[in-house]
Amino acid sequence: MLLRIERREVRIGMYVEEVEGAWIDIPLWFRSRRIDDAATLAKMRDSRVASLLIDLDKGIGPVGDMGSPRGRATLPAPHSALLHADVAKAQQTLRRTNSAMRGIVASIRGGGSVDPALARAVVDEVAVAMRHRPRALLGITRLKSKDEYTFLHSVAVCALMTHFGRFLRLDPDVVQQLGLAGLLHDIGKVLLPTEILGKAGTLSEEEALIVRAHPTEGFRMLQRQDVPDLVRDVCLHHHERMDGGGYPDGLAGDQLSQAVRIAAICDVYDAVTSVRPYKEAWSAKTAYSRMWRWEGHFDPVLLGRFFVSIGVTNRTTRPPSA
Ligand SMILES: [Fe+2]
């Protein structure tokens, strides 16, 4: 029999069957297990999971319950696949996607044409992985080394944009285009010198200007490619803001397409929750409350629905904490 408990209630002797929370807050090391030692207990308590499901037939219950589920709702057994199997599959997806992406980037960079079938296959592969194992996929892409940052960020934004597009019940063709836009939104960064791209500290004024040119550079590169207009639009405008304070064109409100608004949210969400050696990675919950405080940046209707789509909250309106 399963019982849902809070993280602080976990103790030695319990059998934890499943953990719950926003996808990226579920630790990749998690396995169904009995808590047998202090180290595992501490790891579980220090994690960011929202709650745990314990199996009362295999271990003890919370303090005061004496193993009985009295007064608490018990739950049906979880049917989610084991996370470690999902992680292995998500890693395979990333290996295949990585080599295909290298080919696509090399073509665009060299002035050649991107094979539309190959691009579609990459988007489909990421979208399918996101549909079947979102926790594993986002858990892996969240950990970004310097060398792989742009690749993993592009895959994560592709995954989030297709997921969000499906959640919004957009036309499947549009969802495909959103995925390609996610993959290619930062394509202009391939022209950036590696010392600027990988710089850990604050950029100089001159360096910042070079970085801020990546949407226009990417747009220029994509003008020679047979890609949908939506993809070029996202590439050029993903750093625009609803209040007109973004770049490169300072567009505002209705001038920003729905695709651009979706991209702006997914792009920032992945960036702020990414684990990098030199900065604090926000949890999904932190991103939720802080992104709401970025006044004028995002479309508030879409922002509310985005956080519902990734399982952080049930409410689509501004949280009281923001
Ligand atoms: Fe960008």
Side-chain angles (χ1 to χ4, degrees), residues 22-25 126 130 134 137-139 141-144 149-165 167-168 178-179 181-189 192 197 202-203 208 211-212 214-215 218 230-231 233-253 255-276 278-313 316 318-319 321-322:
W23 295 331
I24 64 163
D25 291 341
V126 173
M130 183 66 182
L137 184 68
L138 293 185
T141 57
R142 190 181 187 205
L143 313 172
K144 295 181 177 65
Y149 182 85
T150 305
F151 163 66
L152 289 172
H153 174 63
S154 302
V155 170
V157 175
C158 167
L160 289 166
M161 287 179 72
T162 53
H163 168 77
F164 193 28
F167 178 84
L168 295 171
L178 287 174
L183 272 187
L184 298 180
H185 75 286
D186 266 347
I187 189 72
K189 283 192 176 170
L192 291 178
L197 196 56
T202 316
L203 298 175
V211 172
R212 282 167 69 101
H214 78 269
L230 179 151
V231 175
D233 181 28
V234 165
C235 178
L236 183 60
H237 293 132
H238 65 277
H239 287 291
E240 301 287 357
R241 300 168 37 137
M242 288 299 282
D243 62 4
Y247 65 91
D249 295 327
L251 302 183
Q255 292 175 308
L256 275 67
S257 66
Q258 183 187 45
V260 162
R261 298 173 194 208
I262 288 172
I265 293 169
C266 297
D267 182 29
V268 168
Y269 176 79
D270 180 65
V272 297
T273 55
S274 289
V275 177
R276 310 207 54 187
Y278 53 82
K279 78 165 185 63
E280 176 208 2
W282 294 356
S283 70
K285 278 269 180 220
T286 306
Y288 172 56
S289 52
R290 292 194 190 165
M291 281 172 72
W292 267 107
R293 285 183 220 146
W294 294 17
E295 295 296 338
H297 203 117
F298 307 109
D299 177 327
V301 174
L302 286 175
L303 189 64
R305 300 189 73 184
F306 174 75
F307 282 105
V308 172
S309 84
I310 57 168
V312 176
T313 177
T316 53
R318 187 187 189 93
S321 57

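Any value given below was found using the heavy atoms of this structure, including those in side chains, with hydrogens, waters and symmetry copies removed.
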Undergrad: Can you give me the closest heavy-atom contact between Asp249 and His237, atom names plus distance?
TA: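 Shortest heavy-atom separation between Asp249 and His237 comes out as OD2-NE2, 2.9 Å.
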Undergrad: Just do the side-chain contact (heavy atoms from CB on, under 4.5 Å) check on Leu302 and Leu168 with the steps written out, would you?
TA: CA-CA 9 Å; Leu302 286 175; Leu168 295 171; 3.8 Å; yes
Undergrad: So Ser283 and Tyr288, do their side chains get closer than 4.5 Å, heavy atoms only?
TA: no
Undergrad: Might you point out which heavy atoms bring Gly218 and Cys235 nearest each other, and give the distance in Å?
TA: C-SG, 3.4 Å
Undergrad: May I ask you to decide if Gly245's main-chain N or O and Asp243's side chain share a donor-acceptor pair within less than 3.5 Å?
TA: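 Confirmed, Asp243 side chain pairs with Gly245 backbone.
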Undergrad: Calculate, to the nearest 0.5 Å, the distance between atoms CZ and CG belonging to Arg212 and Leu203 respectively.
TA: 11.0 Å
Undergrad: Which is it for Ile310 and Leu160 under the side-chain contact (heavy atoms from CB on, under 4.5 Å) test, yes or no, and what are the steps along the way?
TA: CA-CA 9 Å; Ile310 57 168; Leu160 289 166; 4.2 Å; yes
Undergrad: Kindly give the heavy-atom pair with the smallest separation between Ala284 and Tyr269, and that separation in Å.
TA: CB-OH, 3.5 Å
Undergrad: Which heavy-atom pair separates Ala263 from Met161 by the least distance, and what is that distance?
TA: CB-CE, 3.7 Å
Undergrad: How far does OG1 of Thr141 sit from CG of Leu152, to the nearest 0.5 angstrom?
TA: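 Rounded to the nearest 0.5 Å, the OG1-CG separation comes to 6.5 Å.
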Undergrad: Say you draw a straight line from CZ of Arg241 to OH of Tyr247; how long is it, rounded to the nearest 0.5 Å?
TA: 11.5 Å
Undergrad: Looking only at heavy atoms, what is the nearest atom pair of Phe306 and Cys266, with distance?
TA: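 In this case the closest contact between Phe306 and Cys266 is CE1-SG, 3.9 Å.
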Undergrad: Can you name the closest pair of heavy atoms from Ala252 and Leu256 and give their distance?
TA: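 Closest heavy-atom pair between Ala252 and Leu256: N-CD1, 3.6 Å.
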Undergrad: My understanding is that only residues two or more places apart in sequence, or in another chain, count here; which of them pass salt bridge (charged side-chain N to carboxylate O under 4.0 Å, His left out) with Arg318?
TA: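 In terms of salt bridge (charged side-chain N to carboxylate O under 4.0 Å, His left out), with neighbours along the sequence ignored, Arg318 is linked to Glu295.
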Undergrad: Show, in sequence, the C-alpha distance, side-chain angles and deciding distance for Val157 and Asp186, and conclude whether the side-chain contact (heavy atoms from CB on, under 4.5 Å) test is met.
TA: CA-CA 10 Å; Val157 175; Asp186 266 347; over 6 Å; no
Undergrad: Any donor-acceptor pair under 3.5 Å linking the side-chain atoms of His153 with those of His185?
TA: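 Yes, because at least one side-chain N or O of His185 sits under 3.5 Å from a partner of the opposite role on His153.
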Undergrad: Counting C-beta onward and ignoring hydrogens, is there a side-chain heavy-atom pair between Ser257 and Leu230 closer than 4.5 Å?
TA: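 No, too far: nothing below the 4.5 Å cut-off.
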Undergrad: In the structure I gave you, are the side-chain heavy atoms of Ser274 and Tyr149 within less than 4.5 Å of one another anywhere?
TA: yes
Undergrad: When rounded to the nearest 0.5 angstrom, what distance separates OG1 in Thr150 from CG in Leu197?
TA: 4.5 Å
Undergrad: Parallel, tilted or perpendicular: which describes the rings of His214 and His238, with under 30° parallel and over 60° perpendicular?
TA: tilted
Undergrad: Within the side chain of Arg142, is there an N or O that forms a donor-acceptor pair under 3.5 Å with the backbone of Thr273?
TA: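 Indeed, once roles are kept as given, a pair shorter than 3.5 Å links the two residues.
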Undergrad: Using the side chain to side chain donor-acceptor pair (under 3.5 Å) rule, collect all pairs that involve residues 296-305, keeping only residues at least two apart or in two chains.
TA: Arg261-Asp299
